[in-house]
Asks: 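Can you read through this structure? Questions will come right after.
Keep in mind that the numbers below use all heavy atoms, side chains included, and drop hydrogens, waters and symmetry copies.
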Amino acid sequence: MTIIFFIIVGILLVILQTTLLMPTPVWPFAPDLYFIFVAYLASRFAAFPALITVYILGLMLDVLAGTVLGMYSSLCFAGYALIRLFADKNVYRDFLFSIPLISLSFFLLSALMYLIFDFLYVDQLVSWSWLEMLVRTVLVAALTYPLFRLLDMVYAYGENTVFPWKR
């Protein structure tokens, strides 16, 4: 039941990000809520349900906001794999260390994906801007704590919810 709630929350986050928080595709103040969501899935869920949710999220982002198909999916899966490496470590358990880890991994993976896709699809991406990526990284760092708290509440609600036919 929890995974159904998180798929719905992921869909709502994609809709929120692509409609309200991103008036133009190159707007520098668009927070990347999907990456925080992927980091939450990597740190709290088992591999199979989290990968299904990340797959659905990546597909939706590619269709709705992607300039090159596969870029958001690659970023989501790479982010999941990188955060999953540190999720079992004691460093990640302390929340003060997880916020910089999520922000730094977002910045490095965005740069890596940009380099790869710029090499594969020459002149199809918007030019790289260090200031814009710094602003987006700071937004990811600033919104990690509130979004994690919201997702913790959704997780607790999903764990305590009983199917209507099992009451």
Asks: Between Asp62 (side chain only) and Tyr72 (backbone N and O only), is there a donor and an acceptor less than 3.5 Å apart?
Replies: yes

Asks: What's the separation between atom OG1 in Thr144 and atom CD1 in Ile99, rounded to the nearest 0.5 Å?
Replies: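 Answer rounded to 0.5 Å: 5.5 Å.
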
Asks: If you look at every heavy atom in Ser103 and Ala141, which pair is closest and at what distance?
Replies: OG-CB, 3.1 Å

Asks: Return the minimal non-hydrogen interatomic distance between Cys76 and Tyr34, and the atom names on each side.
Replies: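 That would be SG-CD1, 3.8 Å.
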
Asks: Enter the distance from Leu75:CG to Leu82:CG here, rounded to the nearest 0.5 Å.
Replies: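 Answer for the CG-CG pair, Leu75 versus Leu82, is 10.5 Å.
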
Asks: Mind checking the CD1-CG spacing from Ile83 to Leu101? Nearest 0.5 Å is all I need.
Replies: 4.5 Å

Asks: For the residue pair Ile52 and Ile56, establish whether any side-chain heavy-atom pair is separated by less than 4.5 Å.
Replies: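 Touching, per the 4.5 Å side-chain cut-off.
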
Asks: Would Leu64 and Val14 count as a side chain to side chain contact (heavy atoms under 4.5 Å, CB included) here? Give the steps.
Replies: CA-CA 9 Å; Leu64 294 176; Val14 168; 3.7 Å; yes

Asks: Do Leu151 and Phe37 come within less than 4.5 Å of each other through their side chains, counting heavy atoms only?
Replies: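 Yes; the side chains approach each other to less than 4.5 Å.
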
Asks: Measuring from Thr53:OG1 to Ile3:CD1, what's the distance to the nearest 0.5 Å?
Replies: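 Going from OG1 on Thr53 over to CD1 on Ile3, the span is 3.0 Å.
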
Asks: Taking side chain as C-beta onward, heavy atoms only, is Glu132 less than 4.5 Å from Val135?
Replies: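 No, side chains not in contact.
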
Asks: Quick one: sort the Phe6 and Phe45 rings into parallel, tilted or perpendicular, breaks at 30° and 60°.
Replies: perpendicular

Asks: Return a table of donor-acceptor pairs under 3.5 angstrom between the side chains of residues 110-120 and protein atoms on other chains or two or more places apart.
Replies:
residue: Ser110; atom: OG; partner: Phe106; partner atom: O; Å: 2.8
residue: Tyr114; atom: OH; partner: Val126; partner atom: O; Å: 3.0
residue: Tyr114; atom: OH; partner: Trp128; partner atom: N; Å: 3.3

Asks: Closest approach of Thr137 and Phe107, non-hydrogen atoms and distance?
Replies: OG1-CD1, 3.3 Å

Asks: Could you measure the distance from the CD1 atom of Ile102 to the CG atom of Leu104? Nearest 0.5 Å is fine.
Replies: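 CG of Leu104 is found 11.0 Å from CD1 of Ile102.
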
Asks: Look at the aromatic rings of Tyr55 and Phe77 and report parallel, tilted or perpendicular, splitting at 30° and 60°.
Replies: tilted

Asks: Side chains of Val38 and Leu57, heavy atoms from C-beta outward: is any pair under 4.5 Å?
Replies: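 Answer yes - side chains close enough.
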
Asks: Using the rule given for side chain to side chain contact (heavy atoms under 4.5 Å, CB included), can you reason through Leu61 versus Met71, listing the C-alpha separation, both sets of side-chain angles and the distance that settles it, and then say yes or no?
Replies: CA-CA 9 Å; Leu61 281 167; Met71 188 168 178; over 6 Å; no

Asks: When rounded to the nearest 0.5 angstrom, what distance separates CZ in Arg44 from CZ in Phe148?
Replies: 5.5 Å

